[in-house]
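Notes follow once the structure below has been shown.
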There are 2 protein chains.
Amino acid sequence: MGRVTIQQVAKAANVSPSTVSNLLNGRTERMVPATRERIEAAIAELGYRPNRAARQLRTGRTQTVGLIVPSVGNPFWGAFARELEVAALAVGCSVLLCNSERDPERERRYVEELWEDGVRGIVLCSSLPTLDHLADVVARGLRLVTFDRPAQPGDPDSVVSVSIDNHVGGFLAGSHLTSLGHERLTFVSGSLASVNRTGRFRGFCTALEAVDLDPTAMPLWTGFEDTPFGDVEAAEVGRRAAHALFSGTEEPPTGVVAINDMTALGFCRGLRDQGLRVGSDVSVVGFDDIILADLYDPPLTTIRQPIARMAALALGEVLDDGDREPGRSVLLRPELVVRESSAPPPVGGVPERRTAEVRASDLRASDVSTTDGAVR
Amino acid sequence: MGRVTIQQVAKAANVSPSTVSNLLNGRTERMVPATRERIEAAIAELGYRPNRAARQLRTGRTQTVGLIVPSVGNPFWGAFARELEVAALAVGCSVLLCNSERDPERERRYVEELWEDGVRGIVLCSSLPTLDHLADVVARGLRLVTFDRPAQPGDPDSVVSVSIDNHVGGFLAGSHLTSLGHERLTFVSGSLASVNRTGRFRGFCTALEAVDLDPTAMPLWTGFEDTPFGDVEAAEVGRRAAHALFSGTEEPPTGVVAINDMTALGFCRGLRDQGLRVGSDVSVVGFDDIILADLYDPPLTTIRQPIARMAALALGEVLDDGDREPGRSVLLRPELVVRESSAPPPVGGVPERRTAEVRASDLRASDVSTTDGAVR
DNA sequence: CTGAAAGCGCTAACAG
DNA sequence: CTGTTAGCGCTTTCAG
């Protein structure tokens with residue numbers, strides 16, 4: 001059973017290959033219904049399937065969209081990838097998935113490669129502050145949609161971005177905590193999640209200011225400036241933050257907002273390392289609402305991203321050939337999901353550590369440091 | 001900057017296109033070094049990149065391998081996908097990822113499509129008991145490697161499988177619990193994880209028998225036979241199992257082995273719903289060692305799959321054009337990772353439920369049922 | 001309304 | 001050792 005070609009279909013239907021091609025490409029108005037039916041019958045009978053490679057060689061394009069995520073090992077990206085595939089499937093596209101590991105060079109190589117493979121466009125999940133490394137391909141016509149990375153001032157004009165409104169998200173998280181009565185709060189993030197961090201952190205600050213708290217007076221945690229944590233290691237960032245914040249500080253926070261759920265979960269783990277209880281001793285709010293947030297003990301309060309809708313939107317932006325506004329940003333409203341990791345602050349502040357068995361081996365001491373002050 | 005073709009390179013290097021092609025395809029012995037250098041210089045200068053589509057159209061093959069997983073939304077599959085990509089990258093291949101959602105028809109369509117796209121081969125993560133729906137493509141020459149699905153009697157000859165030794169894994173999990181002193185044990189799995197379940201469950205039984213416990217006397221839980229749980233819903237299976245096992249049963253188990261970590265985590269959640277404590281009240285052992293196992297509270301004891309090595313092996317099997325033994329099974333040894341979700345059984349058995357606030361709304365009553373008896 | 005013809009960029013005989 | 005040649009399967013003007 002060798003490949004059946006358009007020629008064979010044409011022969012079987014008593015037409016020329018070009019007529020078959022016309023049918024295949026929706027130019028049905030160019031033929032009389034009878035012809036059409038004959039061709040369709042032939043296609044069905046022979047089990048004809050167009051050859052992608054040939055088609056692409058001819059037209060230069062495909063029905064594939066590229067998706068670049070930091071790492072599918074992170075459940076949030078896994079879930080998003082899945083949603084994008086669902087959306088793509090619905091319109092007959094397929095998705096080519098790549099992990100950048102947050103490495104700009106790797107990101108660039110993938111983009112270049114996908115472009116040369118003729119993808120329709122790319123959904124890029126990146127939090128790199130600049131898109132300079134991609135300016136070239138974008139200039140050559142690549143349709144690029146960034147996800148979870150709000151548009152930045154220097155971005156190429158044609159790039160559109162789909163993300164949640166991080167400012168709102170940060171505000172929801174922060175004011176949830178202040179409304180519970182917390183007055184000493186910390187924002188925890190790795191240094192690499194830079195683009196989102198800005199918005200989320202600002203929203204967090206806005207929430208504090210709304211109740212006359214001074215954000216600059218809080219012990220902040222902005223990660224290890226020189227540690228290139230990948231995405232899966234986000235949890236480790238959180239864990240170390242917890243160790244640092246609750247071991248040296250005389251007045252530790254009673255509430256914490258983490259840049260994402262993985263970091264939040266790691267933070268919870270770090271609290272436990274020190275005998276502190278999540279929820280009752282320290283409140284923790286995450287970001288994303290990954291599947292595990294609800295499974296955790298205690299279930300994690302978090303800011304939900306509507307990924308299914310976002311995936312559909314992002315795909316639409318990639319595929320839409322129409323005359324869209326370029327440089328557009330689509331911002332969706334995130335949602336606060338209250339679970340059990342947040343509660344009113346304990347009376348009398350955070351208790352002493354309940355255990356002394358923090359193993360030094362758990363931490364590489366040189367990596368630990370707190371950074372105070374403004375994050376912009 | 002239009003595409004630069006092999007012709008242009010040939011012209012620039014003063015040779016014919018075929019000589020360039022020869023160089024590109026490693027047939028360097030057919031040319032004098034000087035020629036070779038000239039061509040390489042031209043390629044570098046022009047920034048020539050071969051056109052995949054043309055190459056594929058000509059040769060019929062690509063440098064892509066297909067990967068079909070139940071769902072990248074599940075962290076285990078996400079992590080595996082990532083490892084496979086790492087392995088592929090190292091040998092200049094790319095990975096095309098698809099989610100089957102455990103739907104045989106969807107699985108078949110993807111396989112068919114990947115095959116028509118000319119992938120080198122496919123790594124299929126499936127736990128369907130039969131491969132009949134793929135017999136066709138395999139017969140037409142598809143190189144198929146199954147992962148996490150040990151070879152089954154009726155499988156096509158050419159299929160090779162890479163997986164852990166599930167029997168050993170089940171045994172490790174079971175005997176860990178019996179060596180802690182547990183005597184009432186349960187094995188929890190959804191009905192769909194069928195192929196692995198058999199091996200893991202048998203190993204579990206072997207472990208019980210090794211200490212003269214009678215597996216058939218234990219309250220088993222084999223899921224909702226008629227509920228087509230997807231993969232992300234594995235957690236829900238676990239949760240419901242916990243509700244069912246600890247609400248009606250007069251003599252609930254003190255230790256539980258779950259078919260995978262997601263199910264185990266869900267089970268833990270279910271225990272908590274009932275005021276039971278994981279580790280101290282009921283011991284739980286999972287399977288896979290996903291990133292979240294270590295983050296959980298308490299950290300989950302589990303059977304680790306060496307996914308990086310398995311990914312490399314699976315890729316090797318897909319790519320290897322040599323004269324391999326067909327129908328081969330590669331079984332890797334899993335490893336017990338002891339953490340805090342397992343401990344000696346509580347004296348006096350599992351305590352009464354500590355809270356009465358199990359909300360009926362958490363469960364759809366009609367879905368809840370226990371199934372006793374043999375699982376084969 | 002339908003067909004003939006000319007490639008897209010590359011590879012692999014087969015000649016020189 | 002290198003060049004000529006004939007397509008892979010499809011699309012798309014351009015004529016009938």
Look at all strands and tell whether [X] reaches a base, only sugar-phosphate, or nothing, counting heavy atoms closer than 4.0 Å.
X      : answer
N25(A) : sugar-phosphate
Q56(A) : nothing
R27(B) : sugar-phosphate

Taking atom [atom2] of [N] as reference, at what distance in whole Å does atom [atom1] of [X] sit?
X       : N       : atom1 : atom2 : value
L23(B)  : dC10(C) : CG    : C1'   : 14 Å
E116(A) : dG9(C)  : CD    : P     : 13 Å
R49(B)  : dC10(C) : CZ    : P     : 12 Å
R38(A)  : dC1(C)  : CZ    : C1'   : 12 Å
L57(A)  : dA6(C)  : CG    : P     : 18 Å
Q8(B)   : dC8(C)  : CD    : C1'   : 13 Å
Q7(B)   : dG7(C)  : CD    : P     : 12 Å
M31(A)  : dT2(C)  : CE    : C1'   : 9 Å

In the structure I gave you, are the side-chain heavy atoms of [X] and [Y] within less than 4.5 Å of one another anywhere?
X       : Y       : answer
D148(A) : W77(A)  : yes
L331(B) : S163(B) : yes
L24(A)  : R55(A)  : yes
L67(A)  : V65(A)  : no

Look only at the side chain of [X] and the backbone of [Y], and say whether a donor-acceptor pair between them is shorter than 3.5 Å.
X      : Y       : result
N74(B) : F76(B)  : yes
N99(A) : E101(A) : no
R49(B) : E113(A) : no

Does the dA4(C) base have a donor-acceptor partner in the side chain of S18(A) within less than 3.5 Å?
yes
Outermost nucleotides of DNA chain D that come under 4.0 Å of a non-hydrogen atom of chain A
dG9(D) to dT12(D)
Distance below 4.0 Å between T5(B) side-chain N/O and dG9(C) OP1 or OP2:
no
Please report the C-alpha distance between S127(B) and R102(B) in whole Å, then the side-chain angles of each, then the deciding distance to 0.1 Å, and finally whether the side chain to side chain donor-acceptor pair (under 3.5 Å) criterion is met.
CA-CA 8 Å; S127(B) 54; R102(B) 292 201 193 279; 2.7 Å; yes
Pairing donors with acceptors under 3.5 angstrom, does anything connect the side chains of S71(B) and R82(A)?
yes
Selection residues 38-48 of chain B - residue pairs positive for salt bridge (charged side-chain N to carboxylate O under 4.0 Å, His left out), sequence neighbours left out:
R36(B)-E40(B)
Using heavy atoms to find the nearest nucleotide of DNA chain D for N22(B) and T59(B) separately, return the residue whose nucleotide is more 5′.
N22(B)
The answer to which of Y48(B) and S16(A) contacts DNA chain C further toward the 5' end, by nearest nucleotide, is S16(A)
What bend angle does the helix from dC1(C)-dG16(D) to dG16(C)-dC1(D) show across its length, from five-pair end axes and to the nearest 10 degrees?
40°
